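These numbers were taken from a predicted model, which means no experiment stands behind them. Indexing begins at 1, ligand by ligand and atom by atom, following the structure's order.
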Amino acid sequence: EIPLQYGADRLGKRQDAAMQKFRDNRLGAFIHWGLYAIPGGEWNGKVYKGAAEWLKSWAKISSDEWMKLMDQWNPEKFNAKAWAKMAKQMGVKYVKITTKHHEGFCLWPSKYSKYTVAQTPYKKDILGELVKAYNDEGIDVHFYFSVMDWSHPDWRYDIKSKEDEEAMARFFEFTDNQLRELAERYPTVKDFWFDGTWDASIKKNGWWTAHAEKMLKELLPGVTINSRLRADDYGKRHFDSNGHMMGDYESGYERRLPDPVKDLKVTRWDWEACMTVPENQWGYHKDWSLSYVKTPVEVLERVVHAVSMGGNMVVNFGPQGDGDFRPEEKELAAYIGSWMKKNGECIYGCDYAGFEKQPWGYYTRKGDDVYMVVFNPPYSRHLVVKTPGGTSIKAAQVVGGKEVKVEETARNEFNVDVPSALPDEPFVIKLKIEKKQ
Ligand SMILES: C#C[C@@H]1N[C@@H](C)[C@@H](O)[C@H]1O
């Protein structure tokens, strides 16, 4: 192996209780909320199709101009308790909040920046209100933090001179101060999800990424950190130059998922995917007709797909500038929540089942229980199950508990009946795995 000073700190999955809770949570929600929610993808009468939280970049707006949006930041419909209720009803076990996105606007009253909620008409600590409201509902809070900060004069995309080096040194000190501030102000935070770490200025400073993880873990024992923060001695990201994952879970699956047959390698480590409901909108965009918008069932399928491969899924919400959610997002949360209420046992605390993927849907597993989550019931009305050698199976529907007929059709191959009254939503069959006598 290549000797590394800033490579992976640990081989294999973390086995402590905090990581197990991260893993067991499985379903999370992302909240992308910042100044970008005010223009919602439109600037000077032009609507930009790109991601709304990148509008400053698409429309080539200076930071001074962009930060004037702070004068309009007064979300009169914002109600942290209502947001937490919505998350509770959706069945998410954690929420990742953008503390500061690339624009540099802070949802908390940071004393290291003049671009914070404190300098807006709203004045109050939005992040603090949200942390309390979600925690009061028993929901864990994770912090999204963009290292890249377009508003900061010392931010550099690359380091090509002594001046750049000195500027980035000041920038890392500023960033350390903000991270320490977040950890000390909100000690119930369970995770930091770093973004904006792809530029050369960070890749050339792997030492700082290792330092940032170490600093947060000293301040918040048990806190989890995503792989996207880390760069090793040679600028390799997520996985170091020896192929070992850095951080506590892989966070490269953004708006995409590993293939359930070809990418089974992901079951060897912890990982978390995140997804948008339109093709690529994280912040609020006023016009969702500009791209395909996934239906609630399509969102649900991605959640189950991730869990079936031993991963978490975070579904994104982009609240409006007024602090309310768009109807499509309220409907999505309600649909997912009603399904999770009936079938959540096949998600929470579940993992990769180790069964061969079948076209009807996905397997998840919890101990000796294997769940069949059916999205595509076949015309044959039989769900083929191929089991590892020497096992037999019994089956019952999760909703209602009705036994389901199982017939062995070949060695370690079974037909599990599709329920005669086909449910009008994806349904779950629970298998009891038994050792063959
Ligand atoms: C690119 C990029 C960012 N990464 C996603 C999680 C969003 O925050 C998007 O703006």
Within the 3.5 Å criterion, strictly below it, is a donor on N312 or Y249 matched to an acceptor on the partner's side chain? no
So does R365 get a backbone contact from the side chain of D351, meaning a donor-acceptor N/O pair under 3.5 Å? no
Under 4.0 Å from any heavy atom of W193, which atoms of ligand 1 are there? 6 (C)
Please state which protein non-hydrogen atom is closest to atom 7 (C) of ligand 1 and give its distance, to 0.1 Å? H32 NE2, 3.4 Å
Which protein heavy atom lies closest to atom 5 (C) of ligand 1, and at what distance to 0.1 Å? E254 OE2, 3.3 Å
Output yes when the distance from some N or O of ligand 1 to some N or O of W282 is under 3.5 Å, and no in every other case. no
Does the distance from a Lys or Arg side-chain N to an Asp or Glu carboxylate O, for R156 and D199, drop under 4.0 Å? no
Compute whether any side-chain donor of one residue and acceptor of the other, for Q178 and T175, lie under 3.5 angstrom apart. no
Could you check atom 4 (N) of ligand 1 against the protein and tell me its nearest heavy-atom contact, residue, atom and distance included? D195 OD2, 2.8 Å
Assess whether a salt bridge exists between D263 and K265, defined as any Lys/Arg side-chain N lying under 4.0 Å from an Asp/Glu carboxylate O. yes
Contacting atoms of ligand 1, where contact means under 4.0 angstrom from a heavy atom of Y144: 8 (O)
Does a salt bridge link K132 with E129, judged by any charged N lying under 4.0 Å from a carboxylate O? no
Atom 10 (O) of ligand 1: the protein heavy-atom neighbour that sits closest, reported with distance to 0.1 Å: E53 OE2, 2.7 Å
